[in-house]
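Convention: sequence-line order gives letters A, B, ...; per-chain numbering from 1.
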Number of protein chains: 2
Amino acid sequence: MPAAKPTPRSAEEIETVPPISDAEWVVMTEFWRLGEATAKDVVQALEGRQAWKPKTVQSLINRLVQKGALGFRQQGREYVYLPRVEEDRCVHEASRTFVDRVFGGKLAPLLACFLERQECTPAELEEMRKLLELQQKQLSQSAPEHQP
Amino acid sequence: MPAAKPTPRSAEEIETVPPISDAEWVVMTEFWRLGEATAKDVVQALEGRQAWKPKTVQSLINRLVQKGALGFRQQGREYVYLPRVEEDRCVHEASRTFVDRVFGGKLAPLLACFLERQECTPAELEEMRKLLELQQKQLSQSAPEHQP
DNA sequence: GTCGATCGATTACACTTGTGATCGAATTGA
DNA sequence: TCAATTCGATCACAAGTGTAATCGATCGAC
């Protein structure tokens with residue numbers, strides 16, 4: 001069957017993010033970083049970090065297109081691909097799923113797990129503490145607390 | 001460097017944890033919780049939460065045995081299975097892999113992601129903040145700071 | 001002692017994933 | 001003009017996964 005299917009959709013967003021496998025994730029990350037890119041761009045970007053043949057990268061791109069995670073437009077003989085799913089949404093979805101599966105949905109045990117093994121730098125510890133304090137401050141402002 | 005490699009292991013313990021798939025993880029979780037259990041125990045434990053036929057659960061158990069994640073001993077006609085990999089290690093390994101893949105190895109962005117979407121309860125926020133403070137305190141004691 | 005219920009063992013089967021190779025058309029350098 | 005290169009399209013193929021069903025032995029109820 002010829003290329004009847006590969007016309008880019010006009011609709012920009014899709015509602016539910018498709019499942020993205022580990023290897024595909026590496027590729028998506030590059031597209032999220034680059035915004036738009038040809039297959040070759042991504043091959044070059046991954047060079048050195050990933051020992052993938054160009055054809056492998058192309059296969060992963062093709063699957064991401066099939067899944068609706070990437071779109072593309074034609075430019076001369078080649079395609080320029082671009083993300084069709086937001087990084088934030090995918091990242092959040094993946095995190096949610098992971099934390100649910102492994103930690104019963106709670107983040108604190110994950111943090112504890114990392115702290116136990118000293119997986120965080122002091123700078124990161126500080127950053128996280130600030131994030132938490134900020135969040136707590138905002139919460140306490142928006143939701144009136146009863147103070148004893 | 002703090003956090004050097006922990007104590008050398010005994011020769012028999014499995015050093016690298018096997019890959020555990022999503023469905024298998026659900027089963028392992030029950031074994032970690034129960035300590036020891038027959039297939040039927042786990043089927044019953046999962047009843048209501050997971051719409052799996054008993055044969056499906058048995059298949060997952062068999063694969064976990066093949067992978068070395070479960071062991072068993074015979075008891076009459078049936079088997080009593082038990083974990084052969086520590087939950088902590090599997091959980092940590094899975095977390096490490098996930099955070100590396102999705103957040104470039106840093107935990108803070110994951111936390112930020114959850115906070116943005118208000119995925120944490122106030123109690124959890126507080127718990128995490130305490131965890132962080134404790135860790136920071138311990139660090140500052142073990143690694144002396146340059147004096148003001 | 002026979003029959004159905006019940007174990008674990010073995011088999012099934014489609015889908016996904018990782019990792020490419022091949023093919024035909026277009027492009028380019030000589 | 002023609003051979004080599006280079007796209008994307010299509011195909012390949014083994015391993016892993018989700019989701020069971022069937023088979024052969026055994027145990028318990030009559």
Side-chain angles (χ1 to χ4, degrees), chain A residues 1-8 17-31 36-44 46-47 49-82 90 94 97-98 101, chain B residues 16-31 36-44 46-47 49-82 90 94 97-98 101-102:
Chain A
M1 204 61 65
K5 180 180 186 174
T7 314
V17 304
I20 295 173
S21 79
D22 288 14
E24 287 162 3
W25 193 277
V26 172
V27 170
M28 276 309 288
T29 299
E30 289 308 314
F31 281 108
E36 284 197 340
T38 65
K40 174 175 289 190
D41 292 337
V42 172
V43 166
Q44 282 171 358
L46 291 176
E47 203 154 85
R49 265 183 309 144
Q50 219 79 27
W52 282 336
K53 302 285 167 69
K55 293 296 183 187
T56 299
V57 176
Q58 183 71 55
S59 285
L60 293 171
I61 291 176
N62 292 149
R63 284 179 187 168
L64 287 166
V65 170
Q66 277 174 9
K67 291 180 177 185
L70 289 178
F72 62 88
R73 85 186 126 73
Q74 206 154 357
Q75 191 176 63
R77 185 160 72 115
E78 66 184 6
Y79 291 168
V80 178
Y81 299 91
L82 64 151
C90 291
T97 301
F98 176 77
R101 183 165 62 84
Chain B
T16 63
V17 304
I20 296 173
S21 78
D22 288 14
E24 287 161 4
W25 194 277
V26 173
V27 170
M28 277 308 287
T29 300
E30 289 307 314
F31 281 107
E36 281 197 343
T38 66
K40 175 174 287 189
D41 292 337
V42 172
V43 166
Q44 283 171 358
L46 291 176
E47 205 155 85
R49 267 182 309 143
Q50 219 77 27
W52 282 337
K53 303 284 169 65
K55 292 295 184 188
T56 299
V57 176
Q58 182 71 55
S59 287
L60 293 171
I61 290 176
N62 291 148
R63 286 181 185 168
L64 286 166
V65 170
Q66 278 174 8
K67 292 179 177 186
L70 289 178
F72 63 89
R73 83 186 125 74
Q74 207 154 356
Q75 190 176 62
R77 185 159 70 115
E78 67 186 3
Y79 290 168
V80 178
Y81 300 90
L82 63 148
C90 291
T97 301
F98 175 78
R101 184 166 61 84
V102 175

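Within 4.0 Å of Ser59(B), counting heavy atoms only, lies at least one base atom of the nucleic acid.
Heavy-atom minimum distance, Val43(A) versus Pro54(A): CG2-CA, 4.0 Å. The minimum heavy-atom distance between Ala69(A) and Met28(A), with the atom names listed, is O-CE, 3.6 Å.
No N or O donor and acceptor, one from the side chain of Arg63(B) and one from the base of dT10(C), sit under 3.5 Å apart. With hydrogens and angles ignored, a donor-acceptor pair closer than 3.5 Å exists between the side chain of Lys55(B) and the base of dT22(D). A donor and an acceptor atom never sit less than 3.5 Å apart when one is taken from the side chain of Lys67(B) and the other from the base of dG16(D).
Salt bridge annotation for Glu24(A)-Lys67(A): present, with a cationic side-chain nitrogen under 4.0 angstrom from a carboxylate oxygen.
We find that CD1 of Ile61(B) is positioned 16 Å from P of dT10(C), with the value rounded to whole Å. When the P atom of dC7(C) is taken as reference, atom CG of Asn62(B) falls 14 Å away, rounded to whole Å.
When the nucleotides dG8(C), dG18(C), dG18(D) are ranked by their closest atom to the side chain of Asp22(B), dG18(D) comes out on top.
Mapping Lys40(B) and Trp52(A) onto DNA chain C via the closest heavy atom, the residue that lands nearer the 5' end is Lys40(B).
Between Tyr79(A) and Phe72(A), the two ring planes are parallel [angle under 30°; tilted spans 30° to 60°].
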